[in-house]
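Chain letters run A, B, ... following the sequence lines, proteins first, then strands; residues in each count from 1.
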Amino acid sequence: MRGGGWARSRILGLTLFAAAIFTFGLTVHSGYLLGMAVLIALHALVALGLGLLMGWAGQISLGHAGFYGLGAYASAILTTRFGLNPWLALVLGAVGTGLIAFAVGKPTLRLRGHYLAMGTLGLGLIIWTVFNQAATWTEGPSGIRDIPVLSLGGLALDNDQRFYWLIWPVVLVAVMLAGNLINSRMGRALRALGENEGAAAAAGVDVARAKLGVFTLSAVLASIAGSFYAHYVTFVNPSPFGFALSIQLMTMVVVGGEMTVWGPLVGAGVLTVLHQVLAISAQRIPAMEGLEVVAYGAVLVIFLLFRPQGLVAPLRRRGAPPRAAEPPAPRADEVVGEAS
Amino acid sequence: MHGPELLQYLITGLTQGAIYALVAAGFNLVYAATGIINFAQGEFVMLGGLLAVTFVAWHMPLAAAVLLPILVVMAVGAAVHWFAIRPLRRAHVVTLIMITIGVSVVLRGAARLIWGADSHPLPPFTPGDSIGLGGATVQPQSLWIVGVTAVAGVALALFFRRTLMGRAMVACALNSRAARLAGIRVDRMNMWAFAFAGGIGALAGSVLTPMTFTSYDVGTLLALKGFCAAVLGGIGNNMGAVLGGLILGVVESLGAGMFSGYKDAFAFVVLLLVLFLRPAGLLGVGLRRDDQ
């Protein structure tokens, strides 16, 4: 067994990434750009987990905005109502969200294909309904204000710059851990699973358990990102956590490419910027209102049709057999239509 | 809750359930032929309703305004298959499902650009007051909804059993390679499955709109509940879809009577319970076996 989780290309990638984080943080002082960078980081954290689920376990979730929201609301409620330490609230939110994901994943992941997609779509809608309806806890549509900021060693992370220096290192660590996971026994199991479920099961992979594990992990990651969001914005209301965000997150993974840890990161960057550009144009040109919704769907369809491997195609692993002859995306293990 | 009140909830539930059954039948058509859960099914319903609203605004006779959207959305369904699904027929089923999600977002966004974010009404098919029934009231449109669902259900059953095309579609679902060897054009059959799903969705949209109004964003919830009805009845099974739809409608209506804010949560709870206890649905296995 080649324990080479730390291939040279990986170390190089992480070093370059860290360098990019430093360069941006040291040279950019615009609050707007730093704020955008923070938003990208938050989306990237969620997309990273979702990418593991989509790329490696071959499943889709339409409820990740809900998990993101659960983290945000858990932090908001636990810190404002119960005066808990924000870091403790973050952990409790992550545990609670993980348990919910586990409970929903357990029945739906036994089945193949699309049941998790519909199950998580429903779960996301319910979470959103609860945010709106359970006003005694969530303050309903008007939301929860005055959420305390995070502090680190006595330093309050109360502006874009300070938060930038917290959140991007967190993303770096998350990317590192995701890379480790992919190169671990679990990662190999997931990879086998993504390529041929039957063969993976025959080789002794506990398919349902591996899927459930990665689904729960991705929900926990989303919840953590949501907690960071709550402490960064210091205000939560239900509107950002709806179905639209779940679609955006899925699109980020597809656009970036789901078979490397870098893909979701790139996707989060590209789509968060695109979203801002379209939102600003919609403010200037009224006729464009609503166009951003179409844009997301169109981007998703176009990428799936014409560049299903995403912007960041995986590098061939050293020592792995060349797969050049293989067409990029199709995985023919679940034959549909069998036509042509 | 007793007597007339209970009866009223039951009537509301059965009406709503008939709509879910129609949506579920649309899911089943596409699923049986291609193995895909078509997330744009709810958008077909939405388009049907909004097109009917527009045609009525153009002073078309009501019958034409209700029937024409069926043809239009059939064309939309066929186009969705031909341009988005067919090129990827060899892809992973999850990719295909994601494509239908993308298509649903595009249709929803386009509807928002065309019709705006407002709710639009449609006149009832037949004018007249509600009918009293044991202390409860029935709106004439409810009778239309239930009647249309019954006719559509029978028509679908006859289509699959008695017509060459219907039988060819069943053949594609059971074994598409064998079907092709027998001279069936699988691609074309799949396209027709999408077209019929569009048509039945549009029909659901136009009978539903006089009861509930419609807007660009009604598709998501309808799709979720229609899917839930399909799973409850046993996905791929059209009798099951009707049964599942009616049960879901009644459960939801009674539930809403007790916890009004959480009406939409019931569908999801039912879905999870079914997946936990009886993933094959109430009426046993569907056409495909690759689900478990």
Side-chain angles (χ1 to χ4, degrees), chain A residues 54 58-60 62 103-104 106-108 110-115 117-119 121-123 125-126 129-130 132-134 194 243-244 247 250-251 254 287-306 308 327 329-340, chain B residues 33-37 39 83-99 101-110 112-113 116-117 172 175-177 180 185-187 190 216 220-221 223-224 227-228 231 261-262 264-265 267-269 271-273 275-276 279 290-292:
Chain A
M54 286 165 60
Q59 291 283 328
I60 20 181
L62 293 172
V104 173
K106 187 106 179 139
T108 44
R110 275 189 313 178
L111 308 164
R112 266 173 103 171
H114 27 259
Y115 289 91
M118 268 297 177
L121 168 62
L123 180 67
L125 285 169
I126 288 194
T129 309
V130 170
N132 276 298
Q133 295 285 338
F243 184 48
I247 303 267
M250 194 181 82
T251 310
V254 169
M288 282 185 67
E289 196 180 326
L291 199 65
E292 76 268 15
V293 187
V294 183
Y296 269 106
V299 165
L300 183 58
V301 172
I302 288 167
F303 264 82
L304 287 171
L305 281 175
F306 300 111
R331 287 179 279 186
D333 55 332
E334 273 175 291
V335 183
V336 173
E338 285 188 85
S340 98
Chain B
T34 64
I36 301 171
I37 291 299
F39 275 73
F83 295 110
I85 305 293
R86 193 183 52 101
L88 286 180
R89 62 198 153 198
R90 285 174 177 280
H92 197 285
V93 70
V94 167
T95 306
L96 292 168
I97 291 166
M98 279 197 283
I99 277 263
I101 296 171
V103 166
S104 80
V105 173
V106 170
L107 292 177
R108 192 156 57 236
R112 162 114 201 241
L113 289 174
C172 293
N175 186 334
S176 60
R177 185 168 298 167
R180 199 169 62 248
R185 295 192 176 182
V186 176
D187 260 354
N190 290 352
Y216 79 100
T220 314
L221 263 186
L224 177 68
F227 177 77
C228 178
V231 170
Y262 293 94
D264 296 332
F268 174 72
V269 174
L271 179 63
L272 275 193
L273 279 179
L275 293 182
F276 244 128
D290 55 357
D291 271 332
Q292 291 189 60

*Between chain A and each of B:Ala117, B:Ala110, B:Gly102, B:Gly116, count heavy-atom pairs under 4.5 Å; write down the option with the most.*
B:Gly102

*With a 4.5 angstrom heavy-atom cut-off, could you sort out which part of A:Leu304 is near chain B: side chain, backbone, both or neither?*
both

*Output the distance between atom CG (A:Leu62) and atom OG1 (B:Thr220), rounded to the nearest 0.5 Å.*
10.0 Å

*Atom group of A:Ala295 that falls short of 4.5 Å from chain B, counting heavy atoms*: neither

*Would you mind checking which part of B:Ile99 comes under 4.5 Å of any heavy atom in chain A, side chain (CB onward), backbone (N, CA, C, O), both or neither?*
both

*Of all heavy-atom pairs between A:Leu300 and B:Met98, which one has the smallest distance, and what is that distance?*
CD2-O, 3.9 Å

_Best-contacting candidate, B:Val269, B:Leu224, B:Leu271, B:Val231, against chain A by heavy atom pairs under 4.5 angstrom_ = B:Leu224

*What residues form a ring-ring contact (aromatic ring centres under 6.0 Å, His included) with B:Phe39, not counting sequence neighbours?*
none

*asked:* Side chains of B:Val94 and A:Gln59, heavy atoms from C-beta outward: is any pair under 4.5 Å?
replied: no

*Of B:Val106, B:Leu107, B:Val105, which is the lone residue that meets side chain to side chain contact (heavy atoms under 4.5 Å, CB included) with A:Val294?*
B:Val106

*Side chain, backbone, both or neither: which part of A:Phe243 has an atom under 4.5 Å from a heavy atom of chain B?*
side chain

*Which value, rounded to the nearest 0.5 Å, describes the distance between B:Leu272 atom CG and A:Leu123 atom CG?*
8.0 Å

*Residues in salt bridge (charged side-chain N to carboxylate O under 4.0 Å, His left out) with B:Arg86, at least two apart?*
none

*Select one option (side chain, backbone, both, neither) describing which atoms of A:Val254 are under 4.5 Å from chain B's heavy atoms.*
side chain

